[in-house]
Amino acid sequence: MTLLVFGKSGQVATELARRVPEAVFLGRDRVDLSVPDRMGEAIRALMPSGVINAAAYTAVDRTEEEEALATVVNGAAPGVMARTCADLGIPFVHLSTDYVFDGTGSTPWTGDAPTAPIGAYGRSKLAGEEAVRGAGGIHVILRTSWVFSAHGTNFVKTMLRVGAERDVLRVVSDQVGGPTPAADISRTCLQVLDLLRKNNEKSGTYHYSGAPDVSWADFASAIFDLAGMETRVEEIPTSKYPTPAARPLNSRLDCAQLQAVFGIKRPDWKAGLADVLKELRA
């Protein structure tokens with residue numbers, strides 16, 4: 001039985017490769033997501049037992065200028081994957097994001113909460129979700145947030161690099177969410193896929209993020225504390241750190257449904273952070 005993963009060098013794909021090295025990983029060097037028909041051809045050629053889409057256009061700020069391309073990569077390509085899997089009866093797991101919400105309020109978002117992206121990245125990811133659901137196959141859309149690991153580009157590595165150069169860092173304190181280790185996301189994708197093979201009635205949209213919810217400023221402080229760095233965090237509002245793309249203030253995700261249906265609990269991001277720091281030191 002063969003697992004096909006779209007994505008190769010990203011954080012989640014890298015962690016998946018550690019757990020299932022025998023899987024087939026299709027990166028940009030083999031499949032161009034900007035040409036969606038290639039996705040279907042790749043699936044039909046391999047006829048895998050399951051498909052995970054861990055590939056995406058993730059440059060949030062650049063998406064504001066390249067929304068058309070992002071919508072093809074994040075929207076049309078997953079749609080082709082999902083339709084092909086539906087035609088062949090193959091279970092499909094697709095990763096999405098908290099950016100499909102508008103970030104208002106302070107209540108954690110449930111899987112069936114109204115979506116209202118505030119930027120191009122969120123709109124492109126929502127297009128992918130709608131295409132996957134519309135395919136009507138066996139699927140799980142797994143929304144997650146604030147992904148980090150020892151590889152790729154992420155907040156943890158940025159803080160360690162910049163924090164080593166400065167005594168004080170200004171970090172926004174009014175954006176709140178759950179940092180999520182890529183290692184835990186990869187394990188969850190595999191668990192979900194395995195259970196989907198046994199019971200396709202579990203198809204749907206679920207949330208998975210690290211606990212507890214914190215602000216970016218609090219997350220940065222935890223990074224420095226665990227890393228033994230003396231860098232001090234100065235809390236600032238989002239208005240003092242403008243970016244081309246607006247960021248949701250409330251990225252809290254209600255993950256109760258994933259636990260109820262699949263028995264998967266929210267991961268402890270502090271434990272995941274300790275593992276990442278240990279790997280980086282090694």
Side-chain angles (χ1 to χ4, degrees), residues 3 5 7-23 25 27 52 54-56 58-60 93 95 97-98 142-173 175-194 207-235 251-253 255 258-259 262-282:
L3 170 65
V5 178
K8 185 177 181 180
S9 59
Q11 297 186 76
V12 175
T14 299
E15 292 293 344
L16 282 167
R18 291 177 168 182
R19 284 157 183 79
V20 281
E22 69 277 12
F25 292 83
I52 297 174
T58 57
V60 175
V93 175
L95 293 176
T97 173
D98 61 285
L142 191 67
R143 293 179 181 143
T144 189
S145 64
W146 298 19
V147 183
F148 69 91
S149 67
H151 31 266
T153 301
N154 59 71
F155 185 78
V156 171
K157 293 180 68 177
T158 298
M159 289 299 99
L160 293 173
R161 175 176 53 81
V162 180
E165 302 168 351
R166 305 178 191 175
D167 295 327
V168 180
L169 274 185
R170 304 173 78 210
V171 185
V172 296
S173 60
Q175 295 176 30
V176 178
T180 317
D184 290 300
I185 297 173
S186 70
R187 279 192 288 267
T188 294
C189 285
L190 294 172
Q191 285 179 259
V192 165
L193 190 59
D194 183 58
H207 290 171
Y208 184 71
S209 65
D213 294 321
V214 290
S215 69
W216 283 118
D218 287 339
F219 188 29
S221 293
I223 293 168
F224 296 138
D225 287 345
L226 279 176
M229 299 171 64
E230 297 183 359
T231 308
R232 183 170 61 85
V233 173
E234 178 184 333
E235 297 186 359
S251 291
R252 302 172 182 86
L253 297 176
C255 305
L258 184 71
Q259 183 172 348
F262 289 96
I264 299 173
K265 298 180 180 180
R266 297 180 67 181
D268 177 355
W269 62 258
K270 290 183 180 179
L273 176 60
D275 290 341
V276 166
L277 293 175
K278 181 179 179 180
E279 181 176 349
L280 289 171
R281 283 193 291 268

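With contacts defined as side-chain heavy-atom distances shorter than 4.5 Å, the pair Y208/R143 does not qualify. Put simply, the side chain of P267 reaches to within 4.5 Å of the side chain of P181, judged on heavy atoms. Annotation: side chain of F219 is in contact with side chain of F155 (closest heavy-atom distance under 4.5 Å). Looking at W216 and V176, their side chains never come closer than 4.5 Å, going by heavy atoms from C-beta outward. Residues Q191 and L258 are not in side-chain contact: their nearest non-hydrogen atoms beyond the backbone lie 4.5 Å or more apart. Contact of the P179 side chain with the V214 side chain is registered, since non-hydrogen atoms from C-beta on lie closer than 4.5 Å. Counting only heavy atoms from C-beta outward, the side chains of S251 and Q175 never approach each other to under 4.5 Å. Looking at heavy atoms from C-beta onward, L273 lies in side-chain contact with I223 at the 4.5 angstrom threshold.
Residues passing the side chain to side chain contact (heavy atoms under 4.5 Å, CB included) test with A217 are V171, S173, S215, V233, E235, sequence neighbours excluded. Considering only residues two or more places apart in sequence or on other chains, D268 meets the side chain to side chain contact (heavy atoms under 4.5 Å, CB included) condition with K270, A271.
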Inset, instruction - Kindly indicate, with the supporting measurements, whether the criterion side chain to side chain contact (heavy atoms under 4.5 Å, CB included) is fulfilled by F224 and L169. - result: CA-CA 11 Å; F224 296 138; L169 274 185; 3.6 Å; yes

Inset, instruction - I would like to know whether R266 and D213 meet salt bridge (Lys or Arg N to Asp or Glu O under 4.0 Å); could you show each step before the answer? - result: CA-CA 11 Å; R266 297 180 67 181; D213 294 321; 2.9 Å; yes

Inset, instruction - Verify side chain to side chain contact (heavy atoms under 4.5 Å, CB included) between V147 and N154, making sure each step is shown before the conclusion. - result: CA-CA 7 Å; V147 183; N154 59 71; over 6 Å; no

Inset, instruction - Assess whether side chain to side chain contact (heavy atoms under 4.5 Å, CB included) is satisfied between L277 and L160, documenting all intermediate values. - result: CA-CA 10 Å; L277 293 175; L160 293 173; 3.7 Å; yes

Inset, instruction - Report the C-alpha distance between T14 and Q11 in whole Å, list the side-chain angles of each, state the deciding distance to 0.1 Å, and finish with yes or no for side chain to side chain contact (heavy atoms under 4.5 Å, CB included). - result: CA-CA 5 Å; T14 299; Q11 297 186 76; 6.0 Å; no

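Residue S145 holds its OG atom at 12.0 Å from CH2 of W269, rounded to the nearest 0.5 Å. Atom CG of D218 and atom CG of D225 lie 10.5 Å apart (nearest 0.5 Å). We find the OG1-CZ distance between T158 and R161 to be 5.0 Å, quoted to the nearest 0.5 Å. Distance check: T180 OG1 to L253 CG gives 7.5 Å after rounding to the nearest 0.5 Å. From E22, atom CD reaches atom CG of L3 across 8.0 Å, with rounding to the nearest 0.5 Å. Remark: C189 SG to I52 CD1 distance equals 5.0 Å, nearest 0.5 Å.
Side-chain atoms of R166 do not come within 3.5 Å of backbone N or O of V162 as any donor-acceptor pair. A donor-acceptor pair under 3.5 Å is formed between the side chain of T231 and the backbone N or O of G163.
A salt bridge does not link K157 with E279: none of the charged nitrogens is closer than 4.0 Å to a carboxylate oxygen. One finds a salt bridge joining R19 and E15 here, because a Lys/Arg side-chain nitrogen approaches an Asp/Glu carboxylate oxygen to under 4.0 Å. Using a 4.0 Å cut-off between a side-chain N of Lys or Arg and a carboxylate O of Asp or Glu, D275 and K278 do not qualify as a salt bridge.
Heavy atoms of other residues, nucleotides or ligands lying less than 6.0 angstrom from CD of E230 number 12 at most.
A pairwise comparison of heavy atoms in S186 and A183 identifies OG-O, 2.7 Å as the closest pair. Residues G27 and K8 share a closest heavy-atom pair of CA-CB, 3.7 Å.
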